[in-house]
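Have a look at the structure below before the remarks.
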Amino acid sequence: MPLSDKELKQFDEEGYVFFPGKFSPEEAALLKQEAETVYAMDRKEVWRESSGVARTAFAAHRYNEGFRRLGAHPRLIKPVEQVIGGPVYMHQYKVNAKAAFDGEVWQWHQDYGTWKRDDEMPEPRAMNIAVFLDDVTAANGPLLFIPGSHKMGVIDAGHDLETTSYPLWTLDRDKVAELAERGGCVAPTGVAGSMVMFSSLLVHASPANISPLDRTIAYLSLCHVDNHIRAYNREEWIAHRDFTPIEALKDDCLAELVAERQHAAE
Ligand code: SIN
Ligand code: MN
């Protein structure tokens with residue numbers, strides 16, 4: 001179903017749109033199980049927090065069937081194509097664990113700031129999709145957004161190589177405070193299966209998860225095929241180099257996998 005005028009207006013003004021329960025509880029539970037399988041793997045794409053628990057699994061669509069299907073799901077590909085205005089390829093795919101007790105912070109940043117500086121992506125014609133695989137609440141390290149900050153272009157940032165295991169171009173506190181004076185600061189929360197579409201220029205972060213509840217979120221970063229990256233400074237499983245347009249699968253592609261797994265377990 002195409003995005004409504006109201007949703008397009010919200011995206012334009014605030015830089016994000018929240019879709020509660022976009023995926024069913026069964027689809028979300030399947031993907032949560034897939035995430036556990038992936039985090040148990042000993043692979044270079046699975047990065048860990050200082051405690052040893054998983055922080056993120058890059059490129060999980062290449063080695064996990066559930067995440068392969070999510071990566072071409074029409075419920076996210078179609079709205080992104082609508083807003084970006086054409087075919088898209090997968091620039092980056094992460095399944096972030098933000099594990100109970102041990103999930104560490106993500107500093108304030110704009111994703112496009114990193115893609116421009118590190119990968120030479122020409123324009124911010126790229127979009128983020130977040131799919132919640134756990135319930136996300138105020139307690140378990142939700143995403144934080146500064147609404148409207150996507151209208152500020154690429155903001156000055158410093159390369160933070162130390163705070164966490166993942167290097168990021170981060171904004172300084174004065175700038176974040178100034179932006180929040182204008183736009184406020186919000187935390188989109190909701191049940192597992194909810195989806196958020198947010199601009200690659202939107203300023204965002206997330207606090208550590210000291211709660212006893214996991215907060216797993218799959219992030220897909222989709223870029224217009226004409227706007228593909230020009231520099232190959234990062235590993236190809238972090239900043240992908242396959243610019244083939246994604247062809248959306250059928251709407252029941254995940255539901256079919258749920259049924260297959262149920263049959264196999266019987
Ligand atoms: C990100 O900004 O890419 C991840 C943030 C999070 O998982 O909380
Ligand atoms: Mn980000």
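All figures in this text were calculated on a predicted structure; none of them were measured in a lab.
- Judged purely by atom type and a 3.5 angstrom limit, Lys151 uses its side chain to pair as donor or acceptor with the backbone of Asp12.
- Between His109 and Trp106, the ring planes lie tilted relative to each other; the angle falls in the 30° to 60° range.
- Residues Lys98 and Glu104 approach most closely at NZ-O, 2.9 Å, considering heavy atoms.
- Between Leu222 and Met90, the closest side-chain pair of non-hydrogen atoms falls below 4.5 Å.
- Separating the CG atom in Asn96 from the CG atom in Leu143 is a distance of 8.5 Å, to the nearest 0.5 Å.
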For Gln10 and Phe18, what are the C-alpha separation, side-chain angles and deciding distance, and is it a side chain to side chain contact (heavy atoms under 4.5 Å, CB included)? CA-CA 10 Å; Gln10 199 207 339; Phe18 183 70; 5.9 Å; no

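- Considering every non-hydrogen atom in both Thr114 and Leu168, the closest pair reads OG1-CD1, 4.3 Å.
- Here the straight-line distance linking atom CG of Asp156 with atom CH2 of Trp169 works out to 10.5 Å at 0.5 Å rounding.
- When hydrophobic clusters are built by joining Ile, Leu, Val, Met, Phe, Trp and Tyr residues whose side-chain heavy atoms come closer than 4.5 Å, directly or via intermediates, Val225 is not grouped with Leu76.
- A donor atom on one side chain and an acceptor atom on the other are not found under 3.5 Å apart for Asn128 and Ser200.
- Both Val95 and Leu220 are assigned to one and the same hydrophobic cluster, defined by single-linkage of ILVMFWY side chains at heavy-atom distances under 4.5 Å.
- In this structure the side chain of Gln92 reaches within 4.5 angstrom of the side chain of Arg234, judged on heavy atoms.
- Arg125 contributes no side-chain N or O that, together with a main-chain N or O of Asn227, makes up a donor-acceptor pair within less than 3.5 Å.
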Verify side chain to side chain contact (heavy atoms under 4.5 Å, CB included) between His204 and Leu144, making sure each step is shown before the conclusion. CA-CA 5 Å; His204 62 284; Leu144 303 178; over 6 Å; no

Apply the test side chain to side chain contact (heavy atoms under 4.5 Å, CB included) to residues Ile155 and Gln110: give CA-CA distance (whole Å), side-chain angles for both, the deciding distance (0.1 Å), then the verdict. CA-CA 8 Å; Ile155 300 166; Gln110 294 173 299; 3.7 Å; yes

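- The only member of His224, His91, His228 that meets ring pair (Phe, Tyr, Trp, His ring centres under 6.0 Å) when paired with Phe243 is His228.
- Atoms CE and CD1, from Met195 and Ile129 in turn, are 4.0 Å apart once rounded to the nearest 0.5 Å.
- Clustering ILVMFWY residues whenever any of their side-chain heavy atoms sit less than 4.5 angstrom apart, transitively, puts Val258 in the very cluster that holds Val38.
- Using a cut-off of 4.0 Å between Lys/Arg side-chain N and Asp/Glu carboxylate O, Glu45 and Arg62 are scored as not salt-bridged.
- Checking side-chain atoms of Asp252 against main-chain N and O of Ala255 turns up no donor-acceptor pair under 3.5 Å.
- Considering all non-hydrogen atoms of both residues, Pro142 and Ser206 come closest at O-CB, 3.3 Å.
- Within the 4.5 Å cutoff, side-chain heavy atoms of Val154 are placed close to those of Arg117.
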Would you please test Gln262 and Glu26 for side chain to side chain contact (heavy atoms under 4.5 Å, CB included) and show each step? CA-CA 11 Å; Gln262 271 166 359; Glu26 293 76 20; 5.6 Å; no

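- Residues Tyr89 and Tyr232 share a hydrophobic cluster, clusters being chains of Ile/Leu/Val/Met/Phe/Trp/Tyr side chains in contact below 4.5 Å.
- Partners of Phe23 under the ring pair (Phe, Tyr, Trp, His ring centres under 6.0 Å) rule, at least two apart in sequence or in another chain, are His73.
- Atom NE2 of His240 and atom OG of Ser221 lie 8.5 Å apart (nearest 0.5 Å).
- Thr56 contributes atom OG1, which lies 9.5 Å from atom CD1 of Ile238 (distance to the nearest 0.5 angstrom).
- Residues Arg261 and Glu34 are paired through a salt bridge, judged by an N-O separation under 4.0 Å between the basic side chain and the carboxylate.
- Cluster membership for Val80 and Leu201, using ILVMFWY side-chain heavy atoms within less than 4.5 angstrom, is not shared.
- Applying the salt bridge (Lys or Arg N to Asp or Glu O under 4.0 Å) criterion to Glu123, with sequence neighbours excluded, gives no partner residue.
- Ring geometry for Phe198 against Tyr219 counts as perpendicular: the plane angle is over 60°, on a 0 to 90° scale with 30° as the lower cut.
- Here CG of Asp160 is found 15.0 Å from CH2 of Trp108. Values are rounded to the nearest 0.5 Å.
- A salt bridge links Glu27 to Arg75: at least one charged side-chain nitrogen sits closer than 4.0 Å to a carboxylate oxygen.
- In terms of heavy atoms, Gly141 sits closest to Arg215 at O-NH1, 2.9 Å.
- For Lys116, the NZ atom sits in a loose shell: 12 or fewer heavy atoms of surrounding residues, nucleotides or ligands are nearer than 6.0 Å.
- Between the side chains of Asn140 and Asp134, not a single donor N or O lies within less than 3.5 Å of an accepting N or O.
- Of all the heavy atoms in Leu171 and Ala157, the pair that sits closest is CD1-CB, 4.2 Å.
- Here the side chain of Asn233 pairs a donor or acceptor atom with the backbone of Asp118 at under 3.5 angstrom.
- When atom types are taken as modelled, the side chain of Asp214 and the backbone of Thr216 share no donor-acceptor pair closer than 3.5 angstrom.
- Between Glu120 and Ala231, the shortest heavy-atom distance links the atoms CD-CB, 3.6 Å.
- Counting heavy atoms from C-beta on, the side chains of Glu235 and Lys44 never come closer than 4.5 Å.
- Side chains of Ile217 and Val196 form no contact here, defined as non-hydrogen atoms less than 4.5 Å apart.
- Heavy-atom contacts from other residues, nucleotides or ligands closer than 6.0 Å to CZ of Arg230 number more than 12.
- A donor-acceptor pair is defined here as one N or O able to donate and one able to accept, closer than 3.5 Å; such a pair exists between the side chain of Ser149 and the backbone of Val203.
- A donor-acceptor pair under 3.5 Å is formed between the side chain of Tyr112 and the backbone N or O of Met121.
- Within the 3.5 Å criterion, the main-chain N or O of Pro147 finds no donor-acceptor partner in the side chain of Glu13.
- The aromatic rings of Tyr16 and Phe145 are tilted relative to each other, their planes meeting at an angle between 30° and 60°.
- For Lys78 (side chain) and Leu3 (main-chain N/O), no donor-acceptor pair under 3.5 Å exists by modelled atom type.
- Residues Val53 and Tyr39 have side chains not in contact (no heavy-atom distance under 4.5 Å, counting atoms from C-beta outward).
- Arg68 has its side chain out of reach of Tyr93: every pair of non-hydrogen atoms, C-beta onward, lies at least 4.5 Å apart.
- Side-chain contact check for Met127 versus Phe11: some heavy-atom pair is nearer than 4.5 Å.
- The backbone N or O of Pro2 lies less than 3.5 Å from no partner atom in the side chain of Gln82, so there is not a single donor-acceptor pair.
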